[in-house]
Amino acid sequence: MQVTIENNGKKICWVYKGTKICKQYNNTLMGYECLPDGSGIVILEPYQEAGSNNAVIFNADGSERWRLPYTEESGKGVFFDRVGMTQGKLKVIAIIDNRDVGFTVDWNNCCYLNIAAAR
């Protein structure tokens with residue numbers, strides 16, 4: 001999946017089956033990561049618009065697959081602020097109680113494999 005960032009970081013686009021798919025915001029995106037299997041993309045939407053649940057997995061066709069939640073184990077977060085692949089695993093970092101908490105995400109089954117303090 002090839003992604004383009006437009007409008008000074010406020011718009012993200014990709015092509016799916018010949019159709020350009022775009023997500024546009026009033027504020028700058030906080031980050032994104034393409035899923036390694038090509039099935040979709042994780043976007044960290046601007047927290048000013050999405051609130052604390054600003055991490056969302058979109059399918060390649062642009063439909064929403066899963067908006068990442070906070071859990072009883074993690075506690076309620078301020079927002080998700082980083083995303084990336086580490087050793088083949090999708091990691092999303094949130095700020096919770098003035099600390100970084102890492103979520104290892106199973107994007108196929110829409111669940112967490114692990115939640116732990118991040119350094």
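Atoms considered below: every heavy atom in the structure, side chains included; atoms not considered: hydrogens, waters and symmetry mates. All figures in this text were calculated on a predicted structure; none of them were measured in a lab.
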### Message
Holding to salt bridge (charged side-chain N to carboxylate O under 4.0 Å, His left out), I want the full list of residues that pass it with R67, two or more places apart in sequence or in another chain.
### Response
E45, E64
### Message
For Q2, I'd like to know if atom CD has over 12 heavy atoms of other residues, nucleotides or ligands within 6.0 Å.
### Response
no
### Task
Measure up the Y47 and F79 rings against each other and bin them: parallel (under 30°), tilted (30 to 60°), perpendicular (over 60°).
parallel
### Query
Roughly how far, to the nearest 0.5 Å, is CZ of F103 from CZ of R82?
12.0 Å
### Query
Does the side chain of I57 come within less than 4.5 Å of V105's, by heavy atoms?
yes
### Query
Heavy-atom distance under 4.5 Å between the side chains of D81 and N54, does that happen here?
no
### Message
When you compare the side chain of L113 with that of K91, does any pair of heavy atoms fall below 4.5 Å?
### Response
no
### Message
Would you compute the distance between atom OH of Y32 and atom CG of L44 and round it to the nearest 0.5 angstrom?
### Response
11.5 Å
### Task
Output the distance between atom CD1 (I12) and atom CD1 (I21), rounded to the nearest 0.5 Å.
12.0 Å
## Note on the structure
With sequence neighbours left out, the residues meeting salt bridge (charged side-chain N to carboxylate O under 4.0 Å, His left out) with K17 are none
### Task
May I have the step-by-step check of ring-ring contact (aromatic ring centres under 6.0 Å, His included) for F80 and Y70, ending in yes or no?
CA-CA 10 Å; F80 291 93; Y70 295 99; 4.8 Å; yes
### Query
Would you say W107 and R65 make side-chain contact, with heavy atoms under 4.5 Å?
yes
### Query
What distance do Q24 atom CD and L29 atom CG have between them, rounded to the nearest 0.5 Å?
10.0 Å
### Message
Between L68 and V56, is there a side-chain heavy-atom distance shorter than 4.5 Å?
### Response
no
### I43 side, atom CD1; M30 side, atom CE - distance, nearest 0.5 Å
13.5 Å
### Message
With a 4.5 Å cut-off on side-chain heavy atoms, are I41 and K23 touching?
### Response
no
### Query
How many angstroms lie between atom NZ of K10 and atom CG of N27, to the nearest 0.5 angstrom?
6.5 Å
### Task
Please name the residue in the list I115, T86, N114 that meets the side chain to side chain contact (heavy atoms under 4.5 Å, CB included) test with T104.
N114
